[in-house]
Amino acid sequence: MAEVTTVTGMILSAMPVGEYDRRLVILTKEYGKITVFAKGARKPNSALIGVTRSFIFGTFEVYRGRESYTMYKASAKEYFENVVNDLNAVCYACYFAEIADYYGRENLDATEMINLLYITLKALGRGAVSHELIRFIYEIRMVAVNGECPDFFTCHECGREDNLYVYSYSRNGLCCKNCAANVYDGITLSGSTVYTLQYIVTTQLNRLYSFTVTKEVQEELRLVVNRLESIVFDKEFKSKEMLNLTI
């Protein structure tokens, strides 16, 4: 057997393979996104049966083959039981995991994405913030983590930092009131929404889900996120279809 190495990460997806095995996609701090086969994990007496499902965060002992890894042992640190026992929360969690899978790459440092996904699933489980608002926050922050977020702090046209007023689709950024007349595809935003966008991309992770917003701000966030999705994502997420059925 090849040398066993220990990785820390989150299982993004788990699929049955053959009669007893599972194919896992794990986002790890050490090696980015990796594919891992858990042999015999679906056998009733397997030590891996309870620690090889989606949304398990923990440490995993694996050894590498030519194109994938094989799991030797696993130790779960967080099961997110409040999420997996709530069908609506599971739909959101699947969507969040699929976005993490979209951005994940092998040998790309995924520490920040793992931490973001971890606190997001924790927020889903607590239920203090609406699932929809959690979705908007997560998507904006994930896009920011991966360097694709618009500039929410200066006017795209003149560089001003005050009176930001409109989000432009074509410019993928904000414009101030003075420059708004030149924007023909814009979404008018309240000052509270602009502040919320700025807060989401800059605040520490442990404070990311510490607030709620008014219905008006949440609706404006929805418009921004929907347009942002069409700009930065070049694929349709299967879990998004399932999520839409629950809304």
Who pairs with Phe233 by ring-ring contact (aromatic ring centres under 6.0 Å, His included), at least two apart in sequence or on another chain? Tyr102, Phe237
Taking atom SG of Cys175 and atom CG of Asn163, what is their separation to the nearest 0.5 Å? 13.0 Å
Residue pair Val84 / Tyr79, side-chain heavy-atom distance below 4.5 Å: no
Any chain of hydrophobic side-chain contacts (each under 4.5 Å) joining Phe96 to Ile11? no
Considering all heavy atoms of both residues, which atom of Val129 and which atom of Ile134 are nearest to each other, and what is their separation? O-CD1, 3.6 Å
Let's go through His156 and Asp151 carefully: what are the C-alpha distance in whole Å and the side-chain angles of both, what is the deciding distance for side chain to side chain contact (heavy atoms under 4.5 Å, CB included) to 0.1 Å, and is it a yes or a no? CA-CA 8 Å; His156 187 275; Asp151 181 358; over 6 Å; no
Salt bridge Lys215-Glu219, side-chain N to carboxylate O under 4.0 Å: no
Just checking Phe80 against Phe55, ring centres under 6.0 Å apart? no
State which residues pass side chain to side chain contact (heavy atoms under 4.5 Å, CB included) with Thr202; sequence neighbours excluded, sorted by chain then number. Phe153
Say whether, by atom type as modelled, one donor and one acceptor occur between the side chain of Glu30 and the main chain of Thr8 under 3.5 angstrom. yes
Hey, does the side chain of Ser168 reach the backbone of Asn172 with a donor-acceptor pair shorter than 3.5 angstrom? no
Heavy-atom distance under 4.5 Å between the side chains of Ile140 and Val225, does that happen here? yes
Are Leu27 and Ile34 connected into the same hydrophobic cluster when the rule is that any two of I, L, V, M, F, W, Y join if their side-chain heavy atoms are below 4.5 Å apart? no
Show the nearest heavy-atom pair for residues Asn115 and Leu205, with the distance to one decimal. CB-CD1, 3.7 Å
Point-to-point distance, once rounded to the nearest 0.5 Å, from CD1 of Ile56 to CD of Glu78: 8.5 Å
Is there a donor-acceptor contact under 3.5 Å from the side chain of Arg160 to the main chain of Lys177? no
Any chance the rings of Phe211 and Tyr199 have centres within less than 6.0 Å? yes
Pair Ser230-Tyr169, side chain to side chain contact (heavy atoms under 4.5 Å, CB included): steps then yes or no: CA-CA 10 Å; Ser230 67; Tyr169 178 84; 3.3 Å; yes
If you measure from OG1 on Thr59 to NZ on Lys29, what distance do you get to the nearest 0.5 Å? 11.0 Å
Ala144 versus Val201, closest heavy-atom pair with distance: CB-CG1, 4.1 Å
Is Tyr118 reachable from Ile137 through a run of I, L, V, M, F, W or Y residues, each pair having side-chain heavy atoms under 4.5 Å apart? yes
Mind checking ring-ring contact (aromatic ring centres under 6.0 Å, His included) for Phe37 and listing every partner two or more places apart, or none if nothing turns up? none
Locate the shortest heavy-atom distance separating Ala180 from Val166; write the atom from each residue and the value. CB-CG2, 3.9 Å
To the nearest 0.5 angstrom, please state how far the OG atom of Ser13 sits from the CG atom of Leu24. 7.5 Å
From the options Glu139, Lys238, Glu241, select the one residue that forms a side chain to side chain contact (heavy atoms under 4.5 Å, CB included) with Tyr95. Glu139
Can you check whether Ser190's main-chain N or O pairs, donor with acceptor, with Glu220's side chain at less than 3.5 Å? yes
Determine, stepwise, if the pair Thr5 / Arg64 fulfils side chain to side chain contact (heavy atoms under 4.5 Å, CB included). CA-CA 9 Å; Thr5 185; Arg64 184 165 192 168; over 6 Å; no
NZ/NE/NH1/NH2 to OD/OE distance under 4.0 Å, Glu67 and Arg23: no
So, taking the atom named SG in Cys91 and the one named NE2 in His131, what distance separates them when rounded to the nearest 0.5 Å? 10.5 Å
Rounded to the nearest 0.5 Å, how far apart are CD1 of Ile49 and CZ of Arg42? 9.5 Å
Side chains of Tyr20 and Ser46 in contact at under 4.5 Å (non-hydrogen atoms): no
So, does Asn146 use its side chain to make a donor-acceptor pair with the main chain of Glu148 at under 3.5 Å? no
All heavy atoms of Leu117 vs all of Ala97, minimum pair found to be CD1-N, 4.4 Å
With a 4.5 Å cut-off on side-chain heavy atoms, are Asp86 and Leu124 touching? no
With clusters defined by side-chain heavy atoms of hydrophobic residues (ILVMFWY) lying less than 4.5 Å apart, directly or transitively, does Val7 cluster with Val36? yes
Quick one: does Ser192's side chain get under 4.5 Å of Val213's, heavy atoms only? no
Between Val83 and Leu121 the two heavy atoms that sit nearest each other are CG2-O, 3.4 Å
Does the pair Tyr103 and Val232 meet the rule for a side chain to side chain contact (heavy atoms under 4.5 Å, CB included), with working shown? CA-CA 11 Å; Tyr103 278 119; Val232 301; 4.2 Å; yes
Could you tell me if the side chain of Leu48 sits less than 4.5 Å from the side chain of Arg22, heavy atoms only? no
Ion pair Glu98/Lys240, N-O distance below 4.0 Å: no
Side-chain touch Val194/Tyr165, heavy atoms, less than 4.5 angstrom: no
Group every Ile, Leu, Val, Met, Phe, Trp and Tyr by side-chain heavy-atom contacts under 4.5 Å, then state whether Val62 and Leu108 land in the same group. no
Sub-4.5 Å side-chain heavy-atom contact between Ile99 and Tyr138: yes
